[in-house]
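Lettering of chains follows the sequences in order, A, B, ..., and the numbering in each one begins at 1.
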Protein chains: 2
Amino acid sequence: MRARKQPYHHGDLRRSLLEAALQLIDEQGVAALTLRAVARRVGVSHAAPYRHFNDRESLVAAVAEEGFRGMLAALQAAAERAARNKADGLTALGVAYVEYALAHPSALRVMFATELADRARYPALAAVSSVTHDVLVQRVSEAQAAGRVVAGDPQELAFAAWSMVHGCAMLLLDGQMPDAVPRDLAKAVTRCLELGLAVRKGAK
Amino acid sequence: MRARKQPYHHGDLRRSLLEAALQLIDEQGVAALTLRAVARRVGVSHAAPYRHFNDRESLVAAVAEEGFRGMLAALQAAAERAARNKADGLTALGVAYVEYALAHPSALRVMFATELADRARYPALAAVSSVTHDVLVQRVSEAQAAGRVVAGDPQELAFAAWSMVHGCAMLLLDGQMPDAVPRDLAKAVTRCLELGLAVRKGAK
DNA sequence: CACTCATGTTGACATCGACAACATTGCGGT
DNA sequence: ACCGCAATGTTGTCGATGTCAACATGAGTG
């Protein structure tokens, strides 16, 4: 069998570091996400991560990027499911967003962490986050074409929808609603969103 | 004149520390909020802050608390202004929320910082944040009574409103909408919110 | 006037991010 | 087959930070 002595070169250290980072965040929160701790967990020296990440923030950004990719996949899966069932794609998207947030709270926290405020410094992160946004805008446009959503700038309507869902997720994650059932609130929010965007047949 | 030599006792160090903390965040971001940096700015020794804050997180929590108080004042002022002008109090609240966020981005970031996720550890913070929430619920109830908002659990409706406005503020602060005019987006969101909550005269 | 305790200071330690200098090895060109 | 280079890891180190313990100061109270 192959010698168990760790080969000097790890193979795919970058990926291992990312996975360890996710575990750390899950177990001990974002504050515990330390370059040295990640290195320890993977079993490499404390400076090894610097070969793959410029600094701590770069690691955080990379983890956030992973999070966005995961969410993007979840959103697209939800949209396809909705399309197959002839259901409302927009609503499905909103529900999927909140569900992903509740299922991966630490990922969400990293994705929108304060440290990463200036996206300009992390183009890859900005890109994947932008794609996510585009998916949403696209669904809004489709819903408009199908006559299910009021006319108007799809960018602005999408932003409104995103705001609502994102805010809901964040408030739930932050425990701002301690005595409530998250899913009920999410439902209420989604319903309000539907009403707000729906084509209004009546006067007013 | 009074001796300029710093008296051994500062007088109101706690308040000074809080103000220095706010300045630091404004100037250099949340990451620069360091116990030692705050102490330096105030001109006391590096361990002095420990007489007023248990640890770094406690300081952050206290700053967040200040932020909530400021926002609460802004919201209440906006509500009163709206009442005098017979305008819609709920909309005024939403606009005031986003405006406060855009005017005090660093405060907002601290208020909803990741580190303070478990509010249980900071009762004072939880309290003032809860009061803010109550104000919103109250306005929703009033709007319902005035027939301007659909019937339903005011808690849930208020949460939906809060979600939307909070999400809008957060996304704008995070620069997720780089090529847009913040105020336009805020308007769009608020309008969507109004529509979503409004009493529907027509058929669905 | 003396005592006491809150408030502030000094000094120390472990940890962290970051860098530089050095070690190892996979890989491509000859 | 050999050489050499560049990517990848390691060790050592530095300054800064959070945190604690031991000590100093003085404001207010009896």
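A side-chain donor-acceptor contact under 3.5 Å links Asp88(B) to the backbone of Leu90(B). Proximity of a side-chain donor or acceptor of Asp153(B) to a complementary backbone N or O of Gln155(B) within less than 3.5 Å is detected. At distances below 3.5 Å, at least one donor-acceptor pair connects side-chain atoms of Arg109(A) with backbone N or O atoms of Leu173(A).
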**Request:** Given side-chain hydrogen bond (donor to acceptor under 3.5 Å, both in side chains), test Tyr122(B) with Glu65(B) step by step and report yes or no.
**Result:** CA-CA 9 Å; Tyr122(B) 301 100; Glu65(B) 210 183 309; over 6 Å; no

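In summary, Arg56(A) and Glu115(A) engage in a salt bridge, as defined by a charged side-chain N under 4.0 Å from a carboxylate O.
Per the geometry, CG belonging to Leu13(B) stands 16 Å off P belonging to dG26(D), to the nearest Å. Atoms CZ (Arg14(B)) and C1' (dA6(C)) sit 15 Å apart, rounded to a whole Å. Leu59(A) places its CG atom 9 Å from the P atom of dG17(C), with the value rounded to the nearest Å. Between Arg51(A) atom CZ and dG26(C) atom P there is a gap of 17 Å when expressed in whole angstrom units.
The aromatic ring centres of Phe112(B) and Phe68(B) sit less than 6.0 Å apart.
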Atom pairs under 3.5 Å, N or O on each side, protein against nucleotides 16-19 of chain D: can you list them with distances?
{"from": "dT17(D)", "atom 1": "OP1", "to": "Arg40(B)", "atom 2": "NH2", "distance (Å)": "3.4"}
{"from": "dT17(D)", "atom 1": "OP2", "to": "Arg40(B)", "atom 2": "NH1", "distance (Å)": "3.3"}
{"from": "dG18(D)", "atom 1": "OP1", "to": "Leu35(B)", "atom 2": "N", "distance (Å)": "3.3"}
{"from": "dG18(D)", "atom 1": "OP2", "to": "Leu35(B)", "atom 2": "N", "distance (Å)": "3.3"}
{"from": "dG18(D)", "atom 1": "OP2", "to": "Arg36(B)", "atom 2": "N", "distance (Å)": "3.3"}
{"from": "dG18(D)", "atom 1": "N7", "to": "Arg36(B)", "atom 2": "NH1", "distance (Å)": "2.4"}
{"from": "dG18(D)", "atom 1": "O6", "to": "Arg36(B)", "atom 2": "NH1", "distance (Å)": "3.1"}
{"from": "dT19(D)", "atom 1": "OP2", "to": "Tyr50(B)", "atom 2": "OH", "distance (Å)": "3.2"}
{"from": "dT19(D)", "atom 1": "OP2", "to": "Arg56(B)", "atom 2": "N", "distance (Å)": "3.0"}
{"from": "dT19(D)", "atom 1": "O5'", "to": "Tyr50(B)", "atom 2": "OH", "distance (Å)": "3.4"}
{"from": "dT19(D)", "atom 1": "O4", "to": "Arg36(B)", "atom 2": "NH1", "distance (Å)": "3.3"}

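Between Val98(A) and Ala186(A) the shortest heavy-atom distance is CG1-CB, 3.8 Å.
Rounded to 10°, the helix from dC1(C)-dG30(D) to dT30(C)-dA1(D) has 10° between the axis fitted to its first five pairs and the one fitted to its last five.
Residues passing the ring pair (Phe, Tyr, Trp, His ring centres under 6.0 Å) test with His133(A), sequence neighbours excluded: Trp162(A).
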